Asks: 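Take a look at the following structure, please.
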Amino acid sequence: MATMLSPKPNPNIYHPSLIRTPKMHPAPHLRSNSIRSVHRSDASSSSFPGPNGFDRAHWQSSCAILSSKSLSTQHQPHNHKEGTSHGSTDPESQLRINDSGNPLNAPGAVNGSNSSNGSLDLAPMSNLPRPLSIADLSPAPMHGSQLRVAYQGVPGAYSEAAAAKAYPNCEAIPCDQFEVAFQAVELWIADRAVLPVENSLGGSIHRNYDLLLRHRLHIVGEVQLPVHHCLLALPGVRKEYLTRVISHPQALAQCELTLNSMGLNVARESFDDTAAAAEYIATNSLRDTAAIASSRAAELYGLQVLADGIQDDAGNVTRFVMLAREPIIPRTDRPFKTSIVFAHDREGTSVLFKVLSAFAFRDISLTKIESRPHRHRPIRLVDDANVGTAKHFEYMFYVDFQASMADVRAQNALSEIQEFTSFLRVLGSYPMDMTPWNSAPPSPSSPSSINNNNNSNNINNNNASSSNNSKPSSSPPSS
Ligand SMILES: O=C(O)C(=O)C[C@]1(C(=O)O)C=C[C@@H](O)C=C1
């Protein structure tokens with residue numbers, strides 16, 4: 001089993017399988033071992049009729065046309081750590097190996113057990129792939145087995161809660177990086193990925209926008225998750241003892257004002273995810289450190305809740321997107337959203353204005369617009385004669401609008417936009433999560449209920465059910 005390595009194993013802490021890549025920066029909770037980035041293009045398609053006269057082949061070919069006949073030149077093996085990069089010369093970089101040395105992309109290797117090595121010295125048997133057997137051929141998820149959903153983080157992370165909200169009863173598969181979650185779906189280790197793209201306080205999660213462009217997965221749904229943060233520490237620790245607060249950078253940012261108002265004189269330190277920060281405290285018995293994480297993380301890692309509802313805004317919500325290898329067939333019988341990305345040549349004038357007008361004239365509301373610098377990563381554009389040219393665009397623009405691709409207004413808007421953009425790709429057309437952004441339950445007290453007393457932590461623990469990790473109140477339809 002690919003378990004997470006910790007400096008000091010704690011038998012009381014449940015360590016699930018975690019899909020990982022090696023870290024290139026010295027994280028305080030340094031984990032060794034190895035999943036490497038591997039890339040494959042996914043070309044499978046099936047043809048079956050859908051609603052509104054659309055069939056899958058039709059829809060996929062529409063997607064292809066709207067891609068402006070483009071292919072990304074980055075569509076090749078790459079080894080990126082969030083914010084860092086690996087040299088692709090690493091001979092291991094194409095091999096995905098779990099902790100026991102078995103190829104991770106072998107069926108069953110994610111959560112399956114690993115056969116022990118034979119005693120012969122002739123060859124490293126455990127490194128050799130074993131033949132597929134009937135037991136490996138698990139049925140497709142739509143035929144009764146659990147949907148496997150990749151998320152970034154460890155159990156207790158908000159992303160795990162988002163995966164459960166998006167796909168109730170799914171098998172959530174923890175991954176140590178966003179990129180690994182993308183690859184897990186591309187490599188059929190997972191059926192879906194659920195990844196954060198935006199927070200109501202912290203704004204866009206840019207890394208995932210960049211990865212959406214680099215990978216060929218489709219957005220098939222969205223889910224809004226109220227994020228209710230707690231300050232967690234080892235049992236018995238008082239907030240006066242604290243010298244450090246650790247968490248995911250988004251979570252630290254979402255609690256900045258509240259932490260200041262609590263009068264804590266603490267250093268802030270970034271972690272890969274909120275639950276990993278909680279786990280780190282428990283594993284290393286750190287009495288001077290607190291984590292910002294969910295109440296579920298407190299339960300999982302045996303921490304007490306020092307303060308509950310410490311996000312700066314009670315309506316703190318993170319929007320996640322659901323990703324799949326295949327697009328879903330767009331419909332018009334319920335509210336849909338469509339996400340696109342486009343770019344235009346430097347010499348083009350007023351292109352952004354024209355794009356926005358194409359939507360405005362058709363009364364299509366935009367829900368999001370985001371630009372990302374893209375100067376150093378060329379896109380390969382293919383012309384009608386199938387000749388490809390690498391093109392550098394200054395910026396990539398991401399737009400979400402409130403219409404389905406089955407809606408003729410959206411189709412017309414995009415064909416118009418295609419006229420004056422050089423690159424256009426539909427990232428997905430999917431049912432909207434209608435949960436309002438400010439649907440988070442109010443904090444128990446404003447701005448937060450802070451436990452100053454060593455012995456009264458059960459007051460805050462009782463609030464666990466109000467946290468975001470309790471059962472979600474509404475679930476979007478699974479795609
Ligand atoms: O660290 C986690 O628990 C996550 O799931 C990540 C994440 C994020 O990336 O924004 C998700 C929701 C919250 O906004 C804070 C952190």
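Given the structure is predicted, the values throughout are model-derived calculations rather than measurements. Atoms within a ligand are numbered from 1 in the order they appear, just like the ligands themselves.
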Asks: For Q152 and D176, test the side chains for any donor-to-acceptor distance below 3.5 angstrom and give the result as yes or no.
Replies: no
Asks: For E370 and S204, does a side-chain donor sit closer than 3.5 Å to a side-chain acceptor?
Replies: yes
Asks: Among all protein non-hydrogen atoms, which one is nearest to atom 5 (O) of ligand 1, and what is the separation to 0.1 Å?
Replies: S159 OG, 2.6 Å
Asks: Any idea which protein heavy atom is nearest atom 8 (C) of ligand 1, and the distance to it?
Replies: H248 CE1, 3.7 Å
Asks: Students should be able to answer this: which protein heavy-atom is nearest to atom 1 (O) of ligand 1, and at what distance?
Replies: T274 N, 2.8 Å
Asks: Decide if the gap between the ring center of F271 and the ring center of Y280 is smaller than 6.0 angstrom.
Replies: yes
Asks: Who gets closest to atom 15 (C) of ligand 1 by heavy atom: Y151, F320, F271, Y158?
Replies: Y158
Asks: N/O of Q250 under 3.5 Å from N/O of ligand 1, yes or no?
Replies: no
Asks: For ligand 1, does I205 get within less than 4.0 Å through its side chain, its backbone, both, or neither, judged by non-hydrogen atoms?
Replies: side chain
Asks: Run the salt-bridge test on K337 and E222 with the 4.0 Å N-O cut-off and return the result as yes or no.
Replies: yes
Asks: Please tell me whether D308 and H228 have a donor and an acceptor in their side chains that are separated by less than 3.5 angstrom.
Replies: yes
Asks: Is any side-chain heavy atom of V149 less than 4.5 Å from a side-chain heavy atom of I173?
Replies: no
Asks: Between T318 and ligand 1, does any nitrogen or oxygen pair lie at a separation below 3.5 Å?
Replies: yes
Asks: Could you tell me whether Q254 approaches ligand 1 through its side chain, its backbone, both or neither, with non-hydrogen atoms closer than 4.0 Å?
Replies: side chain
Asks: Could you tell me whether D400 and R319 have a side-chain N and a carboxylate O separated by less than 4.0 Å?
Replies: yes
Asks: List ligand 1 atoms under 4.0 Å from D273, heavy atoms only on the residue side.
Replies: 1 (O), 2 (C)
Asks: Which bit of P196 gets closer than 4.0 Å to ligand 1, counting heavy atoms only: side chain, backbone, both or neither?
Replies: side chain
